[in-house]
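These notes concern the structure reproduced below.
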Amino acid sequence: MGVQSPNLMRNKKTCRAVGIPTIDLSMDRSLVSQLIIRACEEHGFFKLTNHGVSTEIISRIEQKSCDFFAKPASVKQQAGPLTPFGYGCKSIGFHGDKGELEYLLLDANPTSSIPQRTKAISNDPEKFSCAVDDYVQAVRELTCDILDLVAEGLGLVDKSTFSRLIDDVESDSVFRVNHYPPMDQNLKVLNPISKFQMFDTNNANNGTPSRVGFGEHSDPQILTILRSNDVGGLQICSSDGLWISVPPNPSEFCVLVGDTFQALTNDRFKGVRHRVMANSNKPRLSMMYFGAPSLNAVVSPLPQMVSSNSPTVYKPFTWGEFKKAAFSLRLAGRRLDQFKYSYNYNDDKMTEC
């Protein structure tokens, strides 16, 4: 997985957040379901208020994460390398891609337990495990509720069509905590720019290029539930190619449509492309729950999403197959393209790409 080239990135301009939908989950359920569907169709992204996840649960995992990232590098490295879970620093994926961050990646399967290396993550492994479990359970329930709302809004008879994929005991969901250290004012003096460091000159401040903390990509899973502290940096790419900065709000969650949801809805929903800039003088901490099905779950467009005007876009694939394909590409790769049908409109036949 990798970071987009500087030339490609310069083709996209940056603008302030305009029209990003914010949905109050405490409103009438039927209204909320329609607002979510519209946001998934038009943006692939929305912010959520009154989400029901307690501040105590959020605060505990945030504090435990901050405690870990405050440790010396030599101590943090004992929680790595990723196999596939654990601690990572700068490296993103398996193809030489880099970012201005460090992170923890943990299994979020309903029956999983925190890895043995928890002792390297926390001085009190049991409390750390409890903090992670409580947070993951809360956001998993939130994710399932959102997916049930979508099913209701789409008029599906089985309201758990989507949520059962994530609620499966063999779900391949993961939990990730990203830490973006504050920008070093002497970066160019102390650390000469490496060949991996990425800049976006269109998002410059007084002529100074902006650092890309995590390069442009879409998430391969079904839904991502993201929460950050009060430090900005998240940007989403609009349908017309503009980078829109998302104002940070620790009391809200950001919900991102993933590639798998795009396939399930036959392109009715769009997996949102996004990135994170790392230009703050304060540390940014973000937590992501990536809701995914089991490795053997078959993903294909729902029959209700297919019609003569909207023919089937994707051939069936398992989540395991798609995950393998996703990790074979660089970060900015268009993963779903490998699973598209191609149509011959002269004889109404479709073939695999």
Side-chain angles (χ1 to χ4, degrees), residues 1 53 56-140 169-184 190-191 194 196-197 213-215 219 221 224-229 231 233 250 276 278 280 282-292 295 323 327 331:
M1 305 182 89
V53 180
E56 191 273 334
I57 287 177
I58 294 173
S59 297
R60 274 200 297 134
I61 185 59
E62 182 177 51
Q63 186 59 57
K64 296 294 183 184
S65 300
C66 289
D67 290 345
F68 170 74
F69 290 117
K71 293 182 177 183
S74 59
V75 176
K76 290 183 287 190
Q77 288 166 2
Q78 295 176 24
L82 302 171
T83 55
F85 303 109
Y87 172 73
C89 183
K90 288 187 176 289
S91 293
I92 302 173
F94 305 103
H95 302 285
D97 304 309
K98 302 291 179 178
E100 294 294 321
L101 82 162
E102 55 182 343
Y103 55 91
L104 281 172
L105 187 65
L106 302 171
D107 191 356
N109 183 291
T111 60
S112 70
S113 59
I114 302 302
Q116 293 296 319
R117 283 177 293 179
T118 302
K119 292 182 179 179
I121 297 174
S122 173
N123 296 329
D124 193 334
E126 185 175 349
K127 286 187 177 180
F128 178 82
S129 297
C130 287
V132 172
D133 289 343
D134 289 348
Y135 183 82
V136 166
Q137 180 179 344
V139 293
R140 182 193 303 120
V169 293
E170 296 184 353
S171 163
D172 192 46
S173 301
V174 295
F175 175 58
R176 181 180 180 124
V177 184
N178 286 345
H179 176 247
Y180 301 87
M183 184 176 182
D184 185 348
L190 300 176
N191 300 297
S194 74
F196 298 112
Q197 195 163 6
F214 203 113
D219 296 333
Q221 293 88 357
T224 300
I225 307 296
L226 181 153
R227 187 265 177 190
S228 72
N229 60 0
V231 178
V276 175
S280 175
K282 296 172 58 180
R284 171 182 167 84
L285 188 78
S286 58
M287 303 180 290
M288 287 73 58
Y289 171 78
F290 299 99
L295 292 173
K323 181 180 179 180
F327 282 104
L331 185 64

### Query
Within a strict 4.5 Å, meaning less than it, do heavy atoms of the Ser286 and Arg227 side chains meet?
no
### Task
Among residues two or more places apart or on two chains, list those pairs meeting salt bridge (Lys or Arg N to Asp or Glu O under 4.0 Å) that have a residue in residues 67-79.
Lys76-Glu102
#### Entry: Residues, nucleotides or ligands: over 12 heavy atoms within 6.0 Å of Asp124 CG
yes
#### Entry: Closest approach of Leu105 to Pro84 (non-hydrogen atoms, all atoms of both residues)
CD2-O, 3.8 Å
#### Entry: Straight-line distance of Ile225 CD1 to Phe290 CZ, nearest 0.5 Å
10.5 Å
### Beyond-backbone contact of Phe68 with Val177, side-chain heavy atoms, under 4.5 angstrom
no
### Summary
Ser91 and Tyr103 have their tightest heavy-atom pair at O-OH, 2.8 Å
### Message
If we ignore hydrogens and angles and just use 3.5 Å, is the side chain of Arg284 paired with the main-chain N or O of Val231 as donor and acceptor?
### Response
yes
### Query
Given side chains that start at C-beta, do those of Pro283 and Pro181 come closer than 4.5 Å, heavy atoms only?
no
### Query
Could you walk me through whether Tyr87 and Val75 pass the side chain to side chain contact (heavy atoms under 4.5 Å, CB included) check?
CA-CA 11 Å; Tyr87 172 73; Val75 176; over 6 Å; no
### Query
What pairs with Arg60 under salt bridge (charged side-chain N to carboxylate O under 4.0 Å, His left out), at least two apart in sequence or on another chain?
Glu56, Asp134
### Task
Determine whether Leu285 and Ser65 make a side-chain contact, defined as any pair of heavy atoms from C-beta on separated by less than 4.5 Å.
yes
#### Entry: Point-to-point distance, once rounded to the nearest 0.5 Å, from CG of Leu106 to OH of Tyr135
12.5 Å
### Query
For the atom pair CG (Asp133) and CD1 (Ile61), what is the distance rounded to the nearest 0.5 Å?
9.0 Å
### Query
Can you name the nearest heavy-atom pair linking Glu100 to Ala278, along with the distance?
CB-CB, 4.0 Å
### Message
Check whether Ser173 reaches the backbone of Ala292 with its side chain - one donor and one acceptor, N or O, closer than 3.5 Å.
### Response
yes
### side chain to side chain contact (heavy atoms under 4.5 Å, CB included) evaluation trace for Gln221 with Val174
CA-CA 10 Å; Gln221 293 88 357; Val174 295; 4.3 Å; yes
### Summary
dist Asp107:CG -> Phe175:CZ (nearest 0.5 Å) comes out at 12.0 Å
### Query
At what distance, to the nearest 0.5 angstrom, does CG of Leu82 lie from SG of Cys89?
10.5 Å
### Query
Nearest 0.5 Å, what's the CG-CG distance between Leu295 and Asp172?
4.5 Å
### Query
Can you check whether Met288's main-chain N or O pairs, donor with acceptor, with Asn178's side chain at less than 3.5 Å?
no
